[in-house]
Peer 1: 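Next up is a structure, given as structure tokens.
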Amino acid sequence: MIRITNTLSGKKEELRTLEPNRVKMYVCGPTVYNLIHVGNARPAVVFDSFRRYLEYRGYSVTYTQNFTDIDDKIINASNEEGISSKALSDRYIAEYFKDACALGVRPATFHPRTTDFVQEIIEFVKDLEKKGFAYERNGDVYFDVSEFKNYGELSHRNPEDMRAGARIEVNEAKDDPLDFTLWKAAKPNEPSWDSPWGKGRPGWHIECSAMSSSLLGDSFDIHAGGNDLIFPHHENEKAQSEARTAKKWVSYWMHNGMISVKKEKMSKSVGNIFNVRQALKIYGANALRMYLLSKHYRSPIEFSSERMEEAKASFKRIVNALEEINKKIGDFSCKEDAFSHEWRDRMIEALDDDFNTPQAFSTLFEMVKLAHSSDDKEKLYQMKTLIMEWNYFFGFNFEESSSSSSKAEPFIEELIKLRNEARLRKDYKQADKIRDALKSLNVEIRDSAQGTTWRWI
RNA sequence: GGCGACGUAGCCAAGGGGUCAAAGGCGAGGGUCUGCAAAAUCCUUAUUCGUGGGUUCAAAUCCCACCGUCGCCUCCA
């Protein structure tokens with residue numbers, strides 16, 4: 001039985017889906033005005049991986065991840081470049097898919113973008129207005145928090161405390177500082193749409209409510225995102241959605257922890273971001289996945305080159321084990337027996353428990369160790385099969401690390417031949433000279449009893 | 001100020017009343033291999049879980065206090 005920590009209750013709960021064997025899931029995606037950074041990659045990788053795990057466990061998953069393509073920052077950035085906000089967001093959606101794909105993140109079932117759902121958003125706001133949860137002021141429409149009695153339930157806050165907090169921006173037009181914008185009246189040089197309240201555009205929170213209800217229905221199973229979205233974003237989404245339908249909107253709320261750099265949250269506004277593009281180039285996708293999954297998804301995690309090198313090194317241990325197994329068993333194959341069942345049960349036990357990936361890796365590495373010390377072909381074959389099977393949710397690319405072909409290869413082979421000739425006549429000075437030369441070309445030499453092999457570093 | 005999370009070996013990180021003298025990874029030290037290396041692999045590396053009390057036959061795990069770190073309360077994954 002899968003258990004998930006639900007932010008709403010603050011506890012681990014058993015997963016009980018609305019429909020049998022089916023999970024409807026919505027993950028908050030990026031605002032597309034520049035390249036995504038490692039912090040944005042965390043929910044993308046973690047929840048993609050969790051989605052695959054749910055599939056592995058027999059669920060059919062409808063996975064939705066949105067793009068926010070209408071927002072102040074997009075408008076500002078596009079005005080600066082002198083292009084339309086559509087052109088700008090199109091560009092960064094394409095860039096997002098490049099990074100996500102390189103990271104091994106599978107495309108979602110649906111990738112809605114706000115501008116394709118403006119009509120639905122308008123209908124949504126009209127509904128709220130009709131039901132007395134919204135009011136209009138000079139072309140802006142606000143949600144009336146005082147009308148929704150469970151406000152604060154998700155973020156475990158008391159509206160009274162927040163009003164007393166007095167850090168909330170004062171906006172004369174609002175009846176209550178906690179009220180939030182559903183629809184914004186158009187300003188000059190901004191994209192806008194016709195609406196019953198005049199020309200304008202959607203507020204931020206409303207898009208997720210409107211798109212999820214259009215694509216997944218009035219209620220669905222899992223809503224996920226970074227824990228910085230709990231308040232106000234998710235609290236507001238929940239309020240407006242439940243105000244509209246009077247039904248429970250989401251069963252399970254999952255929130256990932258933040259990535260920090262030198263103990264400070266990685267974010268665009270702090271300016272300490274590290275692009276996924278750069279990280280992929282320096283460390284590779286496998287190391288990045290290993291890094292992101294090596295700590296429990298709810299905990300904060302520190303980003304540094306030390307952490308990344310560590311992830312890279314530990315990933316290599318898995319690759320080495322696979323190579324070792326292949327060497328030992330060749331194309332031997334057999335049926336699985338109790339051995340597989342036992343290890344599979346351990347893996348499932350770890351991941352069923354709120355997707356405990358560190359525990360899962362612990363199990364995997366125990367098996368890796370066993371693979372090195374075993375000569376039992378039947379067991380080795382089963383280990384290999386399990387590693388491949390589990391890779392369905394770990395999502396590593398074991399092909400990536402195999403050497404890339406190059407025009408230099410015959411040249412390298414020739415040098416190795418020369419070096420081995422030198423070694424045979426015990427001219428080690430010459431042999432070491434060739435080895436150093438190859439090393440400076442990023443070629444690593446491996447001598448063994450079976451001969452010399454090499455690889456790119 | 002309010003709400004929440006966290007503090008486990010040199011570092012990262014699971015565990016969350018007894019099976020824990022605490023999983024796994026990185027690093028380090030030693031061995032195997034090698035002409036020497038590199039790579040790989042094997043072994044070793046926490047009587048102890050921020051501090052002080054308490055509950056219990058039994059606590060890293062529960063309770064209280066304190067110290068420290070972080071997040072949210074404004075855009076943010």
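Proteins come first, then strands; the chains are lettered A, B, ... in the order of their sequence lines, and each starts at number 1.
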Peer 1: Rounded to the nearest angstrom, tell me the gap between atom CE in A:Met258 and atom C1' in B:C75.
Peer 2: 13 Å
Peer 1: Give A:Asn320 one of three labels, base, sugar-phosphate or nothing, depending on what nucleic acid heavy atoms sit under 4.0 Å from its own.
Peer 2: sugar-phosphate
Peer 1: Checking all strands, does A:Gly225 fall into the base, sugar-phosphate, or nothing category for heavy-atom contacts under 4.0 angstrom?
Peer 2: sugar-phosphate
Peer 1: Roughly how many Å apart are B:U61 and B:C49, using the C1' atom of each and rounding to a whole number?
Peer 2: 9 Å
Peer 1: What is the per-nucleotide protein-contact pattern of nucleotides 7-25 of chain B, from the 5' end, where B denotes a base atom under 4.0 Å from a protein heavy atom, S denotes such proximity for sugar-phosphate atoms only, and - denotes neither?
Peer 2: ----SSSSS-------BSB
Peer 1: Between A:Arg42 (side chain) and A:Gly257 (backbone), is there a donor-acceptor pair under 3.5 Å?
Peer 2: yes
Peer 1: For A:Met290, report the nucleic acid contact type (base, sugar-phosphate, nothing); a contact means any heavy atom under 4.0 Å.
Peer 2: nothing
Peer 1: Counting side-chain heavy atoms from CB outward, which of B:A77, B:G35, B:G2 is closest to A:Asp161?
Peer 2: B:G2
Peer 1: Determine the Euclidean distance between corresponding C1' atoms of B:A13 and B:C3; express it in Å to zero decimal places.
Peer 2: 27 Å
Peer 1: Going by the salt bridge (Lys or Arg N to Asp or Glu O under 4.0 Å) test, name the single residue among A:Arg3, A:Arg344, A:Arg57 that passes it with A:Asp352.
Peer 2: A:Arg57
Peer 1: Which whole-number value in Å describes the distance from A:Lys268 NZ to B:U74 C1'?
Peer 2: 16 Å
Peer 1: If you measure from the C1' atom in B:G10 to the same atom in B:G29, how many Å do you get, rounded?
Peer 2: 13 Å
Peer 1: In whole angstrom, give me the gap between the C1' atoms of B:C6 and B:A14.
Peer 2: 15 Å
Peer 1: Nearest whole Å is fine: how far is B:C72 C1' from A:Asp228 CG?
Peer 2: 8 Å
Peer 1: Identify, with sequence neighbours excluded, every residue that meets side-chain hydrogen bond (donor to acceptor under 3.5 Å, both in side chains) alongside A:Asp432.
Peer 2: A:Arg435
Peer 1: If you measure from the C1' atom in B:G27 to the same atom in B:C66, how many Å do you get, rounded?
Peer 2: 34 Å
Peer 1: Report the residue from A:Tyr392, A:Phe394, A:Phe393 that forms a ring-ring contact (aromatic ring centres under 6.0 Å, His included) with A:Tyr53.
Peer 2: A:Phe393
Peer 1: Enumerate, in order of first residue number, the stems that involve RNA chain B, defined as 3 or more consecutive Watson-Crick or G-U wobble pairs with both distances under 3.5 Å.
Peer 2: B:1-7 with B:67-73, B:10-12 with B:24-26, B:27-32 with B:40-45, B:50-54 with B:62-66
Peer 1: Using the ring pair (Phe, Tyr, Trp, His ring centres under 6.0 Å) criterion, which residues pair with A:His233? Sequence neighbours excluded.
Peer 2: A:Trp204, A:His205
Peer 1: Using OP1 and OP2 only, check whether a side-chain N or O of A:Lys316 sits under 4.0 Å from B:A40.
Peer 2: yes
Peer 1: With RNA chain B as reference, determine whether A:Ser155 or A:His372 sits nearer its 5' end, using the nearest nucleotide of each.
Peer 2: A:Ser155
Peer 1: Contact class for A:Ile445 (heavy atom, under 4.0 Å): base, sugar-phosphate, or nothing?
Peer 2: base
Peer 1: Picking from B:C36, B:G71, B:U69, which would you name as closest to the side chain of A:Asp447?
Peer 2: B:C36
Peer 1: What's the NZ-C1' distance between A:Lys184 and B:C75, to the nearest Å?
Peer 2: 10 Å
Peer 1: What nucleic acid atoms does A:Gly257 come within less than 4.0 Å of, heavy atoms only: base, sugar-phosphate, or nothing?
Peer 2: base
Peer 1: Looking only at atom P, what distance separates B:C70 and B:U8, rounded to whole Å?
Peer 2: 15 Å
Peer 1: Which residues pass the side-chain hydrogen bond (donor to acceptor under 3.5 Å, both in side chains) test with A:Thr5, not counting sequence neighbours?
Peer 2: A:Asp354
Peer 1: Would you say the ring centers of A:Phe97 and A:Phe67 fall short of 6.0 Å from each other?
Peer 2: yes
Peer 1: Please report the distance, rounded to the nearest Å, between NZ in A:Lys265 and C1' in B:C6.
Peer 2: 17 Å
Peer 1: Return the value, rounded to whole Å, for the distance between atom CG of A:Asn227 and atom P of B:A77.
Peer 2: 12 Å
Peer 1: If you look at every strand shown and take non-hydrogen atoms under 4.0 Å, does A:Tyr428 touch a base, only sugar-phosphate, or nothing?
Peer 2: base
Peer 1: Are the aromatic rings of A:Tyr142 and A:Trp183 close, with centres under 6.0 Å apart?
Peer 2: no
Peer 1: Could you work out, with salt bridge (charged side-chain N to carboxylate O under 4.0 Å, His left out) as the rule, every residue matching A:Lys238, not counting sequence neighbours?
Peer 2: A:Glu153, A:Glu242
Peer 1: Give a yes/no answer on whether the side chain of A:His156 brings an N or O atom under 4.0 Å of OP1 or OP2 in B:G4.
Peer 2: no
Peer 1: Between A:Tyr26 and A:Glu237, does any side-chain donor sit less than 3.5 Å from a side-chain acceptor?
Peer 2: no
Peer 1: Starting from C1' on B:C73, measure out to CG on A:Leu229 and report it in whole angstrom.
Peer 2: 14 Å
Peer 1: Would you confirm whether the ring centroid of A:Phe47 sits within less than 6.0 angstrom of the ring centroid of A:Tyr63?
Peer 2: no
Peer 1: From NZ of A:Lys439 over to P of B:A38, roughly how many Å is that when rounded to an integer?
Peer 2: 9 Å
Peer 1: When you compare B:G16 with B:C62, how far apart are their C1' atoms, in angstrom units rounded to a whole number?
Peer 2: 10 Å
Peer 1: I'd like to know if A:Arg435 reaches the base of B:A37 with its side chain such that a donor and an acceptor end up less than 3.5 angstrom apart.
Peer 2: yes
Peer 1: When the C1' atoms of B:C12 and B:A28 are compared, how many Å lie between them, rounded to an integer?
Peer 2: 15 Å
